[in-house]
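All remarks here apply to the structure that follows.
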Amino acid sequence: MEKGIRTVTRPEHAFHALEVMLAAKRSSEEGRVVEIHSTFPDFDYGAAAAAADGDGRGEHDPRSS
């Protein structure tokens, strides 16, 4: 985000994952299938490739060390 580079995943992915986890919990509690309604866009691997530093790997963020 600092560099204005779009991430591979989008916020919709996180929302979908949360919906899946909550539905799994509810399903186990109620003993029935709980449907999922959220969708999400395909991963944008082009953004990751654009952020790569030429050797096919992304740039390391020193704050994560």
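Residues forming a salt bridge (charged side-chain N to carboxylate O under 4.0 Å, His left out) with Glu30 (at least two apart in sequence, or on another chain): Arg26, Arg32.
More than 12 heavy atoms of other shown residues, nucleotides or ligands fall within 6.0 angstrom of atom CD in Glu29.
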Tell me which donor-acceptor pairs under 3.5 Å the side chains of residues 12-23 have, and how far apart each pair is, sequence neighbours excluded?
unit_1 : atom_1 : unit_2 : atom_2 : d
His13  : ND1    : Arg10  : N      : 2.7
His13  : ND1    : Arg10  : O      : 3.3
His13  : NE2    : Pro41  : O      : 2.9
His16  : ND1    : Ser38  : O      : 3.4
His16  : ND1    : Ser38  : OG     : 2.7
Glu19  : OE1    : Ser38  : N      : 2.8
Glu19  : OE1    : Ser38  : OG     : 2.4
Glu19  : OE2    : His37  : N      : 3.1

